Every structure is written in structure tokens, then in C-alpha cells.
2 protein chains.
Amino acid sequence: MKKDIIFNVIKNSPNSLTAEEIYNDVSQDIDVNLSTVYRTLNNLVEKDLVTKVVRQDKIAYYELANNEHKHYLICDNCNNAYSTDMCDLDKIARKIKKETGFNITSHTLEFHGICPECLKNVK
Amino acid sequence: MKKDIIFNVIKNSPNSLTAEEIYNDVSQDIDVNLSTVYRTLNNLVEKDLVTKVVRQDKIAYYELANNEHKHYLICDNCNNAYSTDMCDLDKIARKIKKETGFNITSHTLEFHGICPECLKNVK
DNA sequence: AAAAATACGCAAATCATTTGCGAGTACACT
DNA sequence: AGTGTACTCGCAAATGATTTGCGTATTTTT
């Protein structure tokens, strides 16, 4: 099944991927249609196997539904995304829950700026 | 100029608005085209008068470029957004800056869950 | 007032993603 | 093996937010 192959690409990727990136990767091995990729992705997200996050560029990024919570530093110059595991948000989330009664189940956090590499070149 | 009228709608709104919401609001007073709203919005964002944030629903939300940093609690049930000013992120941002050399200039944070109102009804 | 610069409307284009539909494939039960 | 039911896919067309080209107003500058 193509679902397994698509899921494997996500599993083996250290960073989150767009549907198109996944499509390009999978296409090297098998014949697959973009809509199949999208359908499969939605399927995996529904089953909580994959996490989908929409970034400021309006593109959805997919990664293994994880356990290890990550956030991204996105360079506004080169557009690369660096991940960080720094996240004190659970603490904040708990606080908000307590103070507002809002039952928080997830959050997304995106930092924007210029990465060290680009900083060098710009200077 | 229509720009002023559009800007005023944003100024007078306590929460962030979509282009369509702004369009609907402005349309009550004057004759305006949706593309004008979008063009104006982009203009205001460029001039740092307005902040644009793309949420998980892939829709752009606009609000007064602010000083007071806000984040949103978005209810996955009723889709209402509640704002909170809780944000220890500047601290985290500084830490990341120090440890990675990444020059962070902005960030977006979005909490998802179920609001107290919906929690009542679901139970 | 003429020239140069903006602002705007309208229709068409974009782009990521979704969907309808029809054909192919797999599994289950008789 | 035969039939039925349920997925899985490909393909083309649809979606929906946003952008863009272009021609026409309206404003600003000189």
C-alpha cells in the first residue's frame, strides 16, 4: 500500500515536510498521484500518526506525530527551518487552563528571524 | 481615502479580523472592492501599522501592529478566538538567540482546545 | 491645468489543497 | 471460482483565499 511508503518518508525525515516534498520523494520509488499523497496525509493526521502544522507561508508541514515536542525557527531570509526542543509552553498552557477554563489540547509556535548563516552574509 | 477607513476598522476592533470581515464591515459605509481591501491590508502590513498572522485554518488575520503582544486560544469546536496576554516567550526567545545565534524578530503562538462554553455543552 | 503618481474596480490568474467519479484491487463470505 | 463490499488511486475539475494585470479614476506634484 502506498500509505506505508508515504508514512515511511515522514518517519525517516528529521524535519517536517510539505506534501509536495513528500510527493517528490515518494515519486522516485513508486508511481503516485499528488492527490493520493494529500488523501493519505489527511488519513494519517486523522489517525494521529502524523501532525500537520500550517505555517505563516500558508503551506502545511507534516511530521511524525510526536512525543518530542518541537518548534521551529524559520529564517525569513533563506526560509530554512531549524527545530528547537525548547518549550516551556506546557507550563504556560497549564496556567492558562487554570485561569481561563480553556481546555488546551495543542499549540503551535513559530519563531521568525534571521539564522546565523544569513546573518553572516548580510553583514 | 479608503485606506483610512479600512485602517480604522482594524483600530477599533478588539480582536484580529480576516480580510473578509474587514470587507464586510467597510462595505456598510462605502463602496469598496475586496481586492482593494487586500491591497490596502498588504500596504498597512508593509508599513508596520498592521500585523498579519496566518492561523492553522490558513486564513490571514489582521490586527493593529502592537506593542501589546497577544496570543490566541482558538476553540476547535466553536472556532472562536480568545486572546490572552500571557506570554513568557520573550524570555524563551532571548534564550534561543543566545544559544543558537538565531536572530529572532517575531513569533506566533496559537493554542488550540475547547473553550469553557463548549466544554459545558459537550458534557 | 498638465504631468506624474496613486488608488481602485473588475475579471482573470494563482496556488495549495480538495473532491467527484470512475476504474482497479483486496478481502470476506458462500 | 463467484459475488459483494470496501478500499485505494488516478485524473480532471472544483475550491477558496489571495494576487495580479490592466484600464480608468482620482489625487498629488510641479
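Per chain, numbering begins at 1; letters A, B, ... match sequence-line order. Keep in mind it's a predicted model, so treat the numbers as computed, not measured.
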When B/Lys2 and A/Thr18 are each assigned the nearest nucleotide of DNA chain C, the 5'-most assignment goes to B/Lys2
Want to settle it: does B/Lys58 or A/Thr40 sit nearer the 5' end of DNA chain D, counting the closest nucleotide to each? A/Thr40
Gap between atoms CD and P, on B/Glu20 and D/dT18 respectively (whole Å): 9 Å
Please report the C-alpha distance between A/Lys97 and A/Asn103 in whole Å, then the side-chain angles of each, then the deciding distance to 0.1 Å, and finally whether the side-chain contact (heavy atoms from CB on, under 4.5 Å) criterion is met. CA-CA 6 Å; A/Lys97 204 175 213 164; A/Asn103 187 22; 2.9 Å; yes
Atom CZ of B/Phe7 and atom P of C/dA7: how far apart are they, to the nearest Å? 15 Å
Between B/Asn33 and C/dC8, is there a side-chain N or O to OP1/OP2 distance below 4.0 Å? no
Check the pair A/His71 / A/His107 against side-chain hydrogen bond (donor to acceptor under 3.5 Å, both in side chains), numbers first and verdict last. CA-CA 10 Å; A/His71 292 301; A/His107 66 258; 3.2 Å; yes
Does the side chain of B/Tyr38 get closer than 4.0 angstrom to OP1 or OP2 of D/dT19 through an N or O atom? no
Let me know, please, whether A/Met1 or B/Arg39 comes out on the 5' side of the other along DNA chain C by nearest nucleotide. B/Arg39
Figure out the CG/P separation between A/Asp57 and C/dA16, and round it to whole Å. 10 Å
Phosphate contact (C/dT18 OP1 or OP2) by A/Asn42 side-chain N/O below 4.0 Å: yes
OP1 or OP2 of C/dG9 under 4.0 Å from side-chain N/O of B/Ser35: no
Min side-chain heavy-atom separation A/Leu73-A/Cys115 under 4.5 Å: no
Rounded to the nearest Å, what distance is computed from the CG atom of residue A/Asp31 to the C1' atom of nucleotide D/dC9? 11 Å
To the nearest angstrom, how far is B/Ile6 atom CD1 from C/dG9 atom P? 9 Å
A/Gln56 CD to C/dC15 P, straight-line distance once rounded to whole Å: 20 Å
Compare every heavy atom of A/Glu63 with every heavy atom of A/Ile10, then report the nearest pair and how far apart it is. CG2-C, 3.6 Å
Measure the distance from NZ on B/Lys3 to C1' on D/dT26 and round it to the nearest whole Å. 15 Å
Could you walk me through whether B/Ser35 and B/Val37 pass side-chain contact (heavy atoms from CB on, under 4.5 Å), step by step? CA-CA 5 Å; B/Ser35 57; B/Val37 172; over 6 Å; no
Identify which nucleotide among D/dT8, C/dG9, C/dT17 has an atom closest to any side-chain atom of B/Val32, counting heavy atoms from C-beta outward. C/dG9
Rounded to whole Å, CD1 of A/Ile5 lies from C1' of D/dC9 at a distance of 13 Å
